[in-house]
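Throughout, a chain's letter reflects where its sequence line sits, starting with A, and its residues are numbered from 1. The structure displayed is predicted, hence computed values, not measured ones.
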Amino acid sequence: MVNLVGSVPTMAAYDLKELRFLLVDDNPHMLRLLVTMLRGLGIAHIQSYDDADVALKPEMLAGVDIIICDWLLEPLSSMEFVRKVRARKPDQICFVPVIQMSGFTQRADVELSRDAGITEFLGLPVSPKLLYERIVYAIEHPRPFIDSSDYFGPDRRRRSDGNYIGENRRLLVPNTVELSGEDGPMPDLANTA
Amino acid sequence: MGQYKPTVMINRPNVLAKKVEKLEGVSADALIERTMSMVKEEAAGFVDWVDGDLQALKMFARKLADGDQPQAPHIARIFRGSADIRDQGTVCGYPLVTKVASLLCDFVDRAEHLDEREIDLVEAHIDTLLTIVTGRIKNDRTELARKLVTDLEKAGAKLRGGPVQPKSDAS
């Protein structure tokens, strides 16, 4: 798999204490390990759930900045979980970065996650370094969202080939909307065409 | 047929970047190092909790061996349990646990039915994991550990009819 993140060079760490994390993993041991990692990285606001259905309640998702979820969830699958988060339009939570962890790292597995609308994929076993790198990547490289008839989520195309000389179809997406507000519901895009 | 909807690209302000700043005098390496120490403390209980999880897997394997039907729910529990153990082993300093649990997870993945020999092999994986945990064998640097893994890989490949696919080193 291509490492899209690279390694974090020696530099000042981010102060992440203002960010609110929502963590979903149905294994209590893994959940505890992940909470320990996030606390170690300086994250103060952590909501952890072993039940994906509970995590999806509006009051649980309110104000969350980043979601981290495992691939194997119950009672919902993680794909259903991510799709339900993305389906929260027009609530701003639909844009939340989702980092999905999985020990299943075959290309088909990663593509399944990507198509469900995840933001970053984190192959297991996880380490504090890998987790920190993914969080930093989500902060430093926010991706535009695509809203189409069969997908809502981060733009799935992230590779840029400098040698490509053909038509830049990425710039031919019919409509681009710049959202300036950070709060409040997403505007109605139905009549943007 | 679904209604046509034009594709829209949405650019939002970087909300997260506005909530974070760089920590003066603390490097990312130092933060990660500190976190690793905290995880190590948490992982001190790994042997105890994974032993409990393995006993649960053993119970499901025993039900399969006893002919309890349907098999699918038991196989599913073994799959999920072995995946969880696989994901925790290396984090907790036991890459050999990750390696053997990964073999078990792969072996039962997508299996709808297991015959007697396959159930024996599932039990052999679980017993091997228990031996590793009880003996606190962290990696495959010893000849015995390497042999345990190789034997399981060969047995799995033989039953599944494929060539042995060596896994990455558990070191």
Enquirer: I would like to know whether A/Thr36 and B/Glu41 meet side chain to side chain contact (heavy atoms under 4.5 Å, CB included); could you show each step before the answer?
Expert: CA-CA 10 Å; A/Thr36 301; B/Glu41 274 180 40; over 6 Å; no
Enquirer: Would you mind reporting whether A/Asp65 and B/Lys19 have side-chain heavy atoms less than 4.5 Å apart?
Expert: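 Heavy-atom side-chain distance check passes, below 4.5 Å.
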Enquirer: Tell me which of these, A/Pro128, A/Pro142, A/Gly42, has more heavy-atom pairs under 4.5 Å with chain B than the rest.
Expert: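 Answer, by heavy-atom pair count under 4.5 Å with chain B: A/Pro128.
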Enquirer: Answer with side chain, backbone, both or neither: which region of A/Pro28 has an atom nearer than 4.5 Å to a non-hydrogen atom of chain B?
Expert: neither
Enquirer: One pair to check against side chain to side chain contact (heavy atoms under 4.5 Å, CB included): B/Val8 and A/Ile146. What are the steps and the verdict?
Expert: CA-CA 6 Å; B/Val8 178; A/Ile146 298 296; over 6 Å; no
Enquirer: For chain A, which of B/Val50, B/Val26, B/Thr90 has the most heavy-atom pairs under 4.5 Å?
Expert: B/Val26
Enquirer: Compare all side-chain heavy atoms of B/Asp87 with those of A/Pro125 and state whether any distance is below 4.5 angstrom.
Expert: no
Enquirer: Is it the case that one hydrophobic cluster holds both A/Val54 and A/Val85, taking links as side-chain heavy atoms less than 4.5 Å apart, direct or via other members?
Expert: yes
Enquirer: Check A/Asp70, A/Asp25, A/Asp26 against B/Arg80 for a salt bridge (charged side-chain N to carboxylate O under 4.0 Å, His left out) and give me the one that passes.
Expert: A/Asp26
Enquirer: Establish, from distance only, whether the side-chain atoms of A/Asn27 and B/Gln88 form a donor-acceptor pair under 3.5 Å.
Expert: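 Yes, a side-chain donor-acceptor pair sits under 3.5 Å.
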Enquirer: Look up atom NZ in A/Lys129 and atom CG in B/Asp29, then write down how far apart they are to the nearest 0.5 Å.
Expert: 8.0 Å
Enquirer: Among A/Ser148, A/Ala138, A/Pro97, single out the residue with the greatest number of heavy-atom pairs under 4.5 Å to chain B.
Expert: A/Ser148
Enquirer: Look up atom CG in B/Asp84 and atom CG in A/Leu72, then write down how far apart they are to the nearest 0.5 Å.
Expert: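 Rounded to the nearest 0.5 Å, the CG-CG separation comes out at 6.5 Å.
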Enquirer: Within the structure provided, determine whether A/Asp155 and B/Met9 are in side-chain contact (heavy-atom separation under 4.5 Å).
Expert: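 Side-chain contact under 4.5 Å: yes.
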Enquirer: For the candidates A/Ile66, A/Leu41, A/Leu124, which exhibits the highest count of non-hydrogen atom pairs separated by less than 4.5 Å from chain B?
Expert: A/Leu41
Enquirer: If you apply the rule side chain to side chain contact (heavy atoms under 4.5 Å, CB included), what do you find for A/Glu18 with B/Glu21, and how did you get there?
Expert: CA-CA 10 Å; A/Glu18 293 302 320; B/Glu21 53 190 35; over 6 Å; no
Enquirer: Name the region of A/Ser127, side chain, backbone, both or neither, that has any atom closer than 4.5 Å to a heavy atom of chain B.
Expert: neither
Enquirer: Look up atom CE in B/Met38 and atom CG in A/Leu38, then write down how far apart they are to the nearest 0.5 Å.
Expert: 10.0 Å
Enquirer: Hey, quick one: are B/Leu144 and B/Val133 part of the same hydrophobic cluster, counting side-chain heavy atoms closer than 4.5 Å, chains of contacts allowed?
Expert: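 B/Leu144 does not cluster with B/Val133.
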Enquirer: Taking the side chain as every heavy atom from C-beta outward, state whether A/Tyr14 and B/Leu23 have any pair of such atoms under 4.5 Å apart.
Expert: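 A side-chain contact is absent here, since even the closest heavy-atom pair is not under 4.5 Å.
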Enquirer: Tell me which of these, B/Leu31, B/Asp53, B/Val39, has more heavy-atom pairs under 4.5 Å with chain A than the rest.
Expert: B/Leu31
Enquirer: For B/Glu42, is there any backbone N or O sitting under 3.5 Å from a side-chain donor or acceptor partner on A/Arg32?
Expert: no
Enquirer: Quick check on the interface: out of A/His29, A/Glu140, A/Arg143, A/Arg39, who has the most heavy-atom pairs with chain B under 4.5 Å?
Expert: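 Maximum pair count with chain B is reached by A/His29.
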Enquirer: Identify whether B/Leu148 and B/Leu152 are in the same connected component of the hydrophobic contact network (ILVMFWY, side-chain heavy atoms under 4.5 Å).
Expert: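 No, it is not one cluster - the side chains of B/Leu148 and B/Leu152 are not joined through contacts under 4.5 Å.
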Enquirer: Would you say that A/Pro144 contacts B/Ile10 through its side chain, given a criterion of any heavy-atom pair below 4.5 Å between the two side chains?
Expert: no
Enquirer: Give a yes or no on whether B/Lys147 atom NZ has more than 12 heavy-atom contacts from other residues, nucleotides or ligands under 6.0 Å away.
Expert: no
Enquirer: Check whether any side-chain heavy atom of B/Val91 sits under 4.5 Å from a side-chain heavy atom of A/Met37, and report yes or no.
Expert: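 A side-chain contact exists here, since the closest heavy-atom pair is under 4.5 Å.
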Enquirer: For residues A/Phe95 and B/Arg12, determine if any side-chain heavy atom of one lies less than 4.5 Å from a side-chain heavy atom of the other.
Expert: yes
Enquirer: Below 4.5 Å, heavy-atom pairs only: which of A/Leu33, A/Leu131, A/Leu16 has the largest tally toward chain B?
Expert: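 Heavy-atom pairs under 4.5 Å are most numerous for A/Leu33.
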Enquirer: Mind checking whether B/Thr7 and A/Asp147 have side chains closer than 4.5 Å, heavy atoms only?
Expert: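 A side-chain contact under 4.5 Å is absent here.
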Enquirer: Can you tell me which portion of A/Ile139 sits under 4.5 Å from chain B's heavy atoms? Options are side chain, backbone, both or neither.
Expert: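 Its backbone and side chain both get close to chain B.
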Enquirer: Here's one to test your reading of the geometry: is the NZ or CZ of B/Arg86 within 45 degrees of the ring axis of A/Phe104 and under 6.0 Å from its centre?
Expert: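 Yes, a cation-pi geometry.
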